[in-house]
Amino acid sequence: MTIKHCDYSQHYRPRMAFTKKIEALVLEMQDPDTGIKTQTQRLVITTIPHAMTGHDILEWIINRLQILDEEAQNIGNLVVQYGYIYPLQEPKNLILRPDGSLYRFQTPYFWPTQQWPAEETDYAIYLAKKNIRKKGVLEDYEKENYNILNIRLNHKWDFVIMQAKEQYRAGKERKKADRVVFEFQERAYWLVHRPPPGAPNVIDYGLDRFSDPNENQVTQKKTFDVYRREIIFNQHSMMKSRVKSSVSLGGIVKYCEQYFNHDPIMTGCLPSNPWLTDDTQFWDLNAPLSEVPTKLRVERWTFSFRELLSDPRGRQDFQLFLRKEFSGENLAFWEACEDLKYGDQSKVKEKAEEVYKTFLAPGARRWINIDGKTMDITVKGLKHPHRYVLDAAQSHIYMLMKKDSYGRYMKSPIFKETLNKAILPEPTKISESKFPFNKRHRRSSPSPVILRQLEQEARAKAAATGPVDITQLCKFTSPIPHLTVYTGFCEPTSPTGTALCDFPPPSPGLMTLPNSTACPSPICVAIESTPASERKFEPSSISTRFLSIAESTEMSVSSDSSTAVVKETKQPSHKSLVALSFSRFLKRGCSNSPIFATLSPKCPAVNSGKVQPMNGEPQHQPQHNHHHHHQGQQKTKKTNNFFQIKVDIPSECRIYPIDSGDEEEEDCPNSVKNNTVKEVICPWETITEEGKAG
Amino acid sequence: MGKEECKTLLDALNKVTACYRHLVVTVGGTSDSQHLREELKKTRKKAQELAVANRNKLTTLLRDKTASKEDIAEYERLWVIFSTCVEFLEVDMKKTLEIGQEFPLNVPKRYLIQSGMSGRTSAVAARAVSAQNMKYEADSNIDVTDLKELENEINQVGEMMMEMEMKVNVANWTVEAKQDPGAELKSTISVGASSVGMISVNDETKSACDPTKVLAGVIFCVFLFIAVILAVLVIKLS
């Protein structure tokens, strides 16, 4: 027995609403008074009644439905395509011709239905019958199908042959005209349900359903549970927010108006449509990371923040801007969250941890500024990490960027420059002449596999060159190559070698105001420190963000690639230093916290690799003095730098008297070499490490 | 031998199924009528009887433990043919029910589809029930009353199939077809109007090649051809 339906699997065809509608229409056409007038079809010997002209059908549809010609033509085409009416003179061409070509109604047995799809056994029998009738002359695709079915239905093949023969013989009992009609009908049916190659398959309906749409649900026993679920379902539906159609339609209209000029189908695309003119300039110009975007593209960035972020080139630009504003960590965090959401399931836990360590932990390198409540939720969620655990924080940061940075970006010189540089491509000149000599030598674009590899290499490189900053701390250390990837795209593909490349756009840290409200933990404060203080005197537009050590160093990093190496070396030191400082704090206990708090802006440069929470005011001055001096020095070295680059870290190390209490500080270079793993500890991990430190 | 009986029974069932299919195709069209519905009913009855007979025969044969391996393979093949036949019949019956409900015959404003068919199907039905002529004895609203019975019959057939599936353990896919693709072209016995009795189809026998008959046939064809050409010319000229 053929397994026709089996439970727990998708075997039910979805409801086909069109069947009932067309059937109603076709039934009305049968009315001898108001229906379509029929004529007889004359074949060589026989005459067959009930033929209609396409024109008559069309007229009838227009009159009955009171619609225009075009629409009637469309409906007529649909009726013919689904097999309710079949053409007599050109059976394979399933359209309704508005002229005198003849059509006939299909018998209800052969109408498309929802319950009974066209079966393979039936098709096999039909092909066998046709074989008999035409003595082996079948069309090519039919022959192929025949062979395929023979293999597939081999166990039923005897039945197929028997049935075909019997049907053929039984058909002979009918009168000639009916036999001919029956042949037409069958052929029409199978042209619809097994279309020849090249013809569109109109019966295709997509996936099967799990439950039978025609089944009555009444059979379900009404238990308490059923009612409870029903109630909950209805309550939720009531709570669903609904949009008025006037509002949503208005939205659609607005969207269409806004994007009308940007749609390459509605308004042509500027160099030219590559499919038509063979000129691939359009694709080159609009590559995801092209150096010079087109004007249209840049204009799209002004539509909404989402557009800006979804365009990689726009994101790049925005990143550059944020770096200048020292809030790059926001974008980096957002990207990290996206990576978590859409990345491998196996890496979810590890990515979540990295994100926490880099962005959320108190005292993290690139600490983002989110409110306490969200932070609480996120940290709690991180105990059992899943893909969407960072959603709350991500949306908060997204809103922040959207409301705050986006506006400023639009007014910033960076954007204006990009806008000015954006090009308006020339339409391609189509030279009709010399066609054979115009053959372009086409190279195939690099395979996606290779592109992906390049991207990954670039990312790894970016990660290696790290959030930079840290590398500044100690040039005796070797780079930590495994640093997280999402410290931002390093725009690896930009061949222009702009300052941007090679550096993961670190979010230039933002200076904290002396009493930053967003300071969640005293330790954090302590760690942040320094560059903040330095920055205070910088004339830059500093947004109020907490700086982590990393960021401080990041800031000091210029976008000059020459410092890359230096940075690399500083990187690993950062982590260990943070750990060291952390451990030191723990040792010293909380008593220092008030001091830490007050000292936050005044903390000496963490660049020295030491957390100097202990430093009181006195150190502040010398530090700053030194700093300015340093600054002057730096300025001479690099003219582009906005911030100085702390290159001589070791010398700085010795400057601060605070070092006294910290034996470990001297170990700075050494400890780094050990690559100790005393990193920022995630709250859900065991406290063994802390214990060790403490 | 059991096998021969089985084969003949199966052929009969096959024939009836084929005829039923021809009949169902016309339901709802212009050649539909009360007679058609009655024919359907009669054919169905016959089919059911044959199905039951077949089933009984085959099950006894299959239960036979003493049969040889080839025999068992043969029985399994026959069983597969039988079950496919019954499935076929069941689908056709369901379709009859649905179309029958859609197109009741006596309702005034309900018109039949002008499908181009206009002839009678009595010959087909006669062939199905193996009678010379069809006798129509049902009353005039058989199309409605029949449907209820039809539903019951469909249920019965469904149950029978379930039972068959449960009780008989035959693996469909292990059955190999005896006939090659294109076997239908080999035997083109045109049975013509002989619908009496059950015809056992034998694949191997070719049509009788009687030389005189062939000659006569050829001459007749030539005359026919000339006549057709003349007729066409006449039509074209007119």
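All chains are named by letter (A, B, ...) in the order of the sequence lines, taking the proteins before the strands, and each is independently numbered beginning at 1.
By number of non-hydrogen pairs under 4.5 angstrom with chain A, the leading residue of Val124(B), Ile235(B), Val232(B), Val168(B) is Val124(B). Counting heavy-atom pairs under 4.5 Å between each of Arg21(B), Met164(B), Glu102(B) and chain A puts Arg21(B) at the top. Of the listed residues (Tyr168(A), Trp116(A), Phe184(A), Phe182(A)), the one with the most heavy-atom contacts under 4.5 Å to chain B is Trp116(A). Between chain B and the residues Met29(A), Met52(A), Gln163(A), the most heavy-atom pairs under 4.5 angstrom are made by Gln163(A). Between chain B and the residues Thr113(A), Asp122(A), Ile36(A), the largest count of heavy-atom pairs under 4.5 Å involves Asp122(A). Taking chain B as the reference chain and counting heavy-atom pairs below 4.5 Å, the highest number among Arg104(A), Gln167(A), Glu23(A) is found for Gln167(A).
Of the two parts of Gln185(A), only the side chain, counted from C-beta on, holds a non-hydrogen atom closer than 4.5 Å to a non-hydrogen atom of chain B. For Ala177(A), no part lies near chain B; criterion is any non-hydrogen pair under 4.5 Å. For Gln106(A), the part sitting under 4.5 Å from any heavy atom of chain B is the backbone (N, CA, C, O) and nothing else. Contacts between Thr38(A) and chain B at a heavy-atom distance below 4.5 Å involve the side chain alone, from C-beta outward. Only the side chain of Asn150(A) comes within contact range of chain B, judged by heavy atoms closer than 4.5 Å. Contact of Ile125(A) with chain B is made through the side chain alone, with heavy-atom distances under 4.5 Å. Looking at Ile113(B), both its backbone and its side chain come within 4.5 Å of chain A, counting heavy atoms on both sides. For Gln115(A), the part sitting under 4.5 Å from any heavy atom of chain B is the side chain, from C-beta outward, and nothing else. For Val24(B), the parts sitting under 4.5 Å from any heavy atom of chain A are the backbone and the side chain alike.
Residues of residues 89-98 of chain A placed with any heavy atom under 4.5 Å of a heavy atom in chain B are absent; none qualify.
Between Trp190(A) and His193(A), the ring planes are perpendicular. Angles over 60° get that label, and only those under 30° would be called parallel.
His55(A) places no side-chain N or O within donor-acceptor distance of the main-chain N or O of Asp99(A), the cut-off being under 3.5 Å. Asp178(A) places a side-chain N or O within donor-acceptor distance of the main-chain N or O of Ser118(B), the cut-off being under 3.5 Å. Put simply, the side chain of Thr8(B) gets close to the backbone of Glu4(B): a donor and an acceptor are under 3.5 Å apart. Of the possible donor and acceptor atoms, one in the side chain of Trp60(A) sits under 3.5 Å from a partner among the backbone N and O of Thr34(A). Within the 3.5 Å criterion, the main-chain N or O of Cys85(B) finds no donor-acceptor partner in the side chain of Thr17(B).
Not a single ring-ring contact (aromatic ring centres under 6.0 Å, His included) links His155(A) to another residue, sequence neighbours left out. For Asp158(A), the salt bridge (Lys or Arg N to Asp or Glu O under 4.0 Å) criterion is met by Arg77(B), not counting sequence neighbours. Taking Glu151(B) as the reference, nothing meets the salt bridge (Lys or Arg N to Asp or Glu O under 4.0 Å) condition, with sequence neighbours excluded.
Within a 6.0 Å radius of NZ in Lys236(B), no more than 12 heavy atoms belonging to other residues, nucleotides or ligands are found.
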Subject >> CA sep, side-chain torsions, deciding dist, call: Phe159(A), Phe88(B), ring pair (Phe, Tyr, Trp, His ring centres under 6.0 Å) >> reply: CA-CA 10 Å; Phe159(A) 170 74; Phe88(B) 217 68; 5.5 Å; yes
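Both the sub-6.0 Å distance and the 45° axial angle are not jointly satisfied by Arg209(A) relative to the ring of Tyr12(A).
The ring of Phe18(A) has its center no closer than 6.0 angstrom to the ring center of Trp111(A).
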